[in-house]
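Here is the naming used below: chain letters follow the sequence lines, and residue numbers restart at 1 for every chain. Only heavy atoms go into these numbers, but all of them, side chains included; no hydrogens, no water, no symmetry mates.
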Protein chains: 2
Amino acid sequence: MNQIICTVDIVLLTLHEGVLKVALLKRDREPFKGVNALPGGFIHSNEDSDVQDAALRVLKEKTGIDAPYLEQLASFSGPARDPRGWSVSIAHYALVSFDVINSAAHPDIKLVSVDRPSSLPFDHRSILETAVSRLRSKSQYSSLPCYLTGETFTLPQLQRVYEFLMGEALNKVSFRRKITEMDMLEAIPGQFETAGAHRPAQLYRLKKIFRQQLQLLDRGL
Amino acid sequence: MNQIICTVDIVLLTLHEGVLKVALLKRDREPFKGVNALPGGFIHSNEDSDVQDAALRVLKEKTGIDAPYLEQLASFSGPARDPRGWSVSIAHYALVSFDVINSAAHPDIKLVSVDRPSSLPFDHRSILETAVSRLRSKSQYSSLPCYLTGETFTLPQLQRVYEFLMGEALNKVSFRRKITEMDMLEAIPGQFETAGAHRPAQLYRLKKIFRQQLQLLDRGL
DNA sequence: TAAATAGTGTCTTTTAGACAGTATCCT
DNA sequence: AGGATACTGTCTAAAAGACACTATTTA
């Protein structure tokens with residue numbers, strides 16, 4: 001065996017102004033010092049209990065964000081992706097509402113649209129694309145998009161999130177049938193969102209059981 | 001950063017006598033010398049171009065099997081899973097037909113049913129369960145099960161493979177509609193499989209494009 | 001009361017499944 | 001001929017989608 005560099009990188013995604021955005025941070029050391037990159041860091045064998053724990057620690061240290069929805073994505077590896085040598089990065093992706101970034105997060109985080117192909121160091125472009133692709137794919141048949149919403153939301157809002165991620169308009173009746181089938185939401189009694197000159201919409205929240213655990217559908221939306 | 005042990009483990013799965021089996025090898029060195037375990041090994045930064053390449057190399061070295069369908073599964077990590085220290089194993093799973101194991105593979109491979117909870121070293125039990133769960137899940141909506149069949153097969157044979165993996169009987173007409181929709185098979189002209197006192201079944205094979213690349217369905221089977 | 005969006009009932013279209021028929025082998 | 005399984009045509013059932021109607025707000 002030879003020396004291998006072990007890191008975690010985190011693709012922190014959020015929805016802002018109808019666009020999917022990723023959180024970037026200016027690197028404070030070489031290589032690529034001063035360049036915007038995905039938050040990442042070395043695994044600390046003396047304090048991390050596993051790579052997920054390392055990812056949560058790095059995310060907290062670099063962005064100030066605590067325990068969002070976070071899932072392992074894939075490993076990215078090779079002799080050339082990091083100029084320091086043969087490396088493995090175990091990439092994770094995390095989903096938060098824009099509110100969380102706005103309040104809890106460090107002010108030097110840059111939110112950038114995932115579609116604008118700004119140049120990224122290492123193979124972070126490839127990691128980002130994999131994360132977005134995974135998010136879009138899982139949105140087809142799971143409760144994943146809920147983690148991009150705030151604590152409470154209306155069904156029309158949630159439908160717009162799903163439609164944005166899936167890239168297609170959804171039938172309102174079918175969408176609501178599926179959401180009911182998933183049985184993951186609870187209406188907040190007496191709470192409505194008034195947004196203009198029309199009937200207010202019922203506010204919902206995720207049932208407690210589904211705050212950290214995905215709900216899946218047999219057939220997609 | 002501290003020293004971290006980087007390895008790959010491979011869950012090599014095959015279908016034999018109507019049972020899903022995993023390939024185990026007696027370990028030839030400490031720790032757990034002499035114990036049956038998943039084939040695995042260190043990443044070699046001087047020869048491997050990435051972890052997938054390391055997995056293919058380890059699989060070839062330890063089992064003699066070359067370039068099957070192989071996909072990254074997940075990373076398993078922590079301070080205690082390997083007695084030598086804090087380690088990351090990037091687990092992969094591979095699918096082959098029993099023929100391949102029977103001919104190309106080393107004779108000291110042990111095929112064990114994935115359901116029989118024989119004791120496994122490290123966290124190999126957990127890796128195995130994740131692999132089987134991934135296989136079953138992907139079988140719902142992809143061509144993955146095809147990689148467990150031989151080069152040629154009949155539709156009734158393929159349907160039995162899918163039914164075994166999905167754990168439920170499938171409607172014959174619907175199954176064939178979906179297979180047709182996937183458009184991944186080609187009938188071998190004039191070739192039939194005679195298996196008893198009844199009409200022989202048309203033999204099929206995977207179209208060349210799909211030998212290494214999965215085909216996905218919008219809605220599952 | 002007009003306009004706008006929320007929420008629901010119901011009909012139509014699409015997709016999946018049941019069933020039964022024909023096809024083709026072996027004994 | 002009879003039994004067995006392959007394959008296919010067609011009807012039925014279930015799911016998804018279209019459409020329209022009611023509900024409730026502001027201007």
Exercise. Is it true that a side-chain atom of A/Arg136 and a backbone atom of A/Leu165 form a donor plus acceptor pair closer than 3.5 Å?
Worked result: yes

Problem set entry | NZ/NE/NH1/NH2 to OD/OE distance under 4.0 Å, A/Lys207 and A/Asp183 | yes

For this session: Would you kindly give the CZ-to-P distance between B/Arg176 and C/dA16, to the nearest whole Å?
Result: 17 Å

For this session: May I have the distance from A/Leu203 (atom CG) to C/dA6 (atom P), rounded to whole angstrom?
Result: 12 Å

Problem set entry | Which atom of B/Gly40 lies closest to which atom of B/Asp9, heavy atoms considered | CA-OD1, 3.4 Å

Problem set entry | Length of the line joining B/Tyr141:OH and C/dT15:P, which is rounded to integer Å | 21 Å

Seminar exercise, completed: With sugar-phosphate taken as primed atoms, P, OP1 and OP2 and all else as base, the protein-contact string of nucleotides 16-26 of chain D at under 4.0 Å (heavy atoms; B, S, -) is BBBB---BBBB

Problem set entry | Spacing between A/Phe192 atom CZ and C/dG7 atom C1', to the nearest angstrom | 11 Å

Exercise. Which word best sums up how the rings of A/Tyr147 and A/Tyr69 line up, parallel for under 30°, tilted for 30 to 60°, or perpendicular for over 60°?
Worked result: parallel

For this session: Take the protein atom CG of B/Leu217 and the nucleotide atom P of C/dA16, then report the distance between them rounded to whole Å.
Result: 9 Å

Exercise. Separation of A/Gln159 atom CD from C/dT5 atom P, in whole Å?
Worked result: 14 Å

Problem set entry | Whole-Å distance separating the CD atom of B/Gln157 from the C1' atom of D/dT5 | 13 Å

For this session: Mind telling me whether B/Phe175 and B/Tyr162 have parallel, tilted or perpendicular rings, with 30° and 60° as the class edges?
Result: perpendicular

Problem set entry | For atom CD of A/Glu193 and atom P of C/dA6, their distance in whole Å | 10 Å

Exercise. Within the distance-only criterion (no hydrogens, no angle test), does the side chain of A/Thr14 pair as donor or acceptor with the backbone N or O of A/Val96 below 3.5 angstrom?
Worked result: yes

